[in-house]
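Notes follow once the structure below has been shown.
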Amino acid sequence: MEDQSQILTGAGAPASDQYFQPPQERELPDNAFGKLVQEGRAIFVDTKNRAPEYVGNGLACANCHLDQGRKANSAPLWGAYPMYPAYRKKNDKVNSYAERVQGCFQFSMNGKAPEADGPVIAALSAYSYWLSTGAPTGQELPGRAYPEVPEPEGGYDLAKGEQVYTAQCAVCHGADGEGQKAGEDYVFPPLWGADSFNWGAGMHRINTAAAFIKESMPLGKGGTLSDEDAWHVAAFMNSHERPQDPRLIDGSIEKTRDRFHANDGVNLYGEIVNGQMLGKGI
């Protein structure tokens with residue numbers, strides 16, 4: 001039975017106690033397992049440099065899973081690991097946790113999947129397992145996903161999204177979504193273009209991006225945007241070209257949209273925006 005002191009959801013509970021609390025660094029054992037967990041955390045926060053052969057862009061796992069994979073309502077690792085194996089509509093099969101992480105490298109990292117029995121997956125799995133210490137298995141914990149944000153009644157508006165982006169996002173992510181670097185590494189990730197996630201990543205869905213933005217952006221000021229503005233700016237972000245979906249069928253955007261994108265949330269893959277069909281890739 002799970003430790004109820006770690007899972008508090010009652011009304012009036014302090015915000016810090018509403019969600020499962022993963023272990024602290026001081027609790028990490030000083031042994032081989034502890035070293036493997038530390039390597040997993042290093043890969044998680046500095047993915048391009050720690051696993052360069054599998055990463056094809058400038059992103060790190062921690063760009064979407066904030067606070068080193070700890071933050072509730074930001075797809076924390078402690079909310080994901082105990083839910084696998086699980087069926088995923090994305091590939092129409094029951095996935096192991098290793099397969100789920102492999103998909104992140106293929107799509108969000110625009111790279112290639114590390115070997116399921118190799119050192120990168122071993123380290124990331126160990127880190128996820130450790131963060132989940134004491135969590136129940138097969139139970140959807142509060143805070144495990146990005147909170148859903150309802151679509152505006154009138155739909156999203158790209159022009160309004162551009163205004164929100166200019167006012168709230170460009171200072172960190174650049175006027176053209178190119179991100180900001182310190183040397184060769186990004187301190188703020190690119191949101192579109194050649195060095196961002198590809199058209200197969202979950203974040204290309206406007207509803208997913210809106211949920212992430214509403215909860216956590218601008219950085220340190222999550223929850224300050226209205227639901228409508230979160231949708232508008234998410235749509236604006238995802239109305240720009242990015243690397244191609246690696247599942248491209250016969251070089252056809254239309255076939256790929258029909259197979260993978262038509263029923264995959266709200267997205268603009270294969271749609272005409274500003275006179276151009278999105279999805280050609282970079």
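The figures here come from the full heavy-atom set of this structure, side chains too, leaving out hydrogens, waters and symmetry mates. All residue numbers refer to positions in the sequence shown, counting from 1. Not measured: the values here are computed from a predicted model.
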Quick test of your reading of the model: are R88 and E99 salt-bridged, counting only N-O distances below 4.0 Å?
no
Salt-bridge criterion met for R205 and D264 (N-O under 4.0 Å)
yes
Measure the acute angle between the ring planes of H261 and H204, then classify it against the limits of 30° and 60° as parallel, tilted or perpendicular.
perpendicular
For side chain to side chain contact (heavy atoms under 4.5 Å, CB included), just list the numbers for R259 and R247, CA-CA rounded to whole Å, side-chain angles, deciding distance to a tenth of an Å, and then say yes or no.
CA-CA 10 Å; R259 174 68 178 84; R247 303 168 296 181; over 6 Å; no
Under the ring pair (Phe, Tyr, Trp, His ring centres under 6.0 Å) test, residues paired with Y156 that sit two or more places apart:
none
Could you check if a side-chain atom of S96 sits within less than 4.5 angstrom of a side-chain atom of Y84, using non-hydrogen atoms only?
no
Plane angle bin for Y165 and W192 - parallel if under 30°, tilted between 30 and 60°, otherwise perpendicular:
tilted
For N238 against A209, the heavy-atom pair lying closest together:
ND2-CB, 3.7 Å
Check ion pair E271-R257 (N to O, under 4.0 angstrom):
yes
Are there over 12 heavy-atom neighbours, none belonging to K112, within less than 6.0 Å of that residue's NZ?
no
For side chain to side chain contact (heavy atoms under 4.5 Å, CB included), just list the numbers for I121 and E115, CA-CA rounded to whole Å, side-chain angles, deciding distance to a tenth of an Å, and then say yes or no.
CA-CA 7 Å; I121 295 294; E115 298 80 4; over 6 Å; no
Less than 4.0 angstrom from a charged side-chain N to a carboxylate O is my criterion; do K71 and E215 meet it?
yes
Other residues, nucleotides and ligands only: do more than 12 of their heavy atoms fall within 6.0 Å of CD on Q180?
yes
Let me see the working for E151 and N207 under side chain to side chain contact (heavy atoms under 4.5 Å, CB included), right down to the final yes or no.
CA-CA 7 Å; E151 184 173 2; N207 52 299; over 6 Å; no
With K48 as the cation and Y186 as the aromatic partner, state whether NZ or CZ is under 6.0 Å from the six-membered ring centre and within 45° of the axis.
no
Side chain proximity check, F44 to L124, heavy atoms < 4.5 angstrom
yes
Taking every heavy atom of L77 against every heavy atom of P82, the minimum-distance pair comes out as O-CD, 4.2 Å
Any side-chain heavy atom of Q276 sitting closer than 4.5 Å to one from E241?
no
Report the distance from atom CD1 of I282 to atom CZ of R242, rounding to the nearest 0.5 Å.
8.0 Å
When rounded to the nearest 0.5 angstrom, what distance separates NE2 in H173 from OG in S196?
10.0 Å
For the ring pair Y81 and W130, is the centre-to-centre distance below 6.0 Å?
no
Looking at side-chain heavy atoms only, is the closest gap between K160 and D229 below 4.5 Å?
no
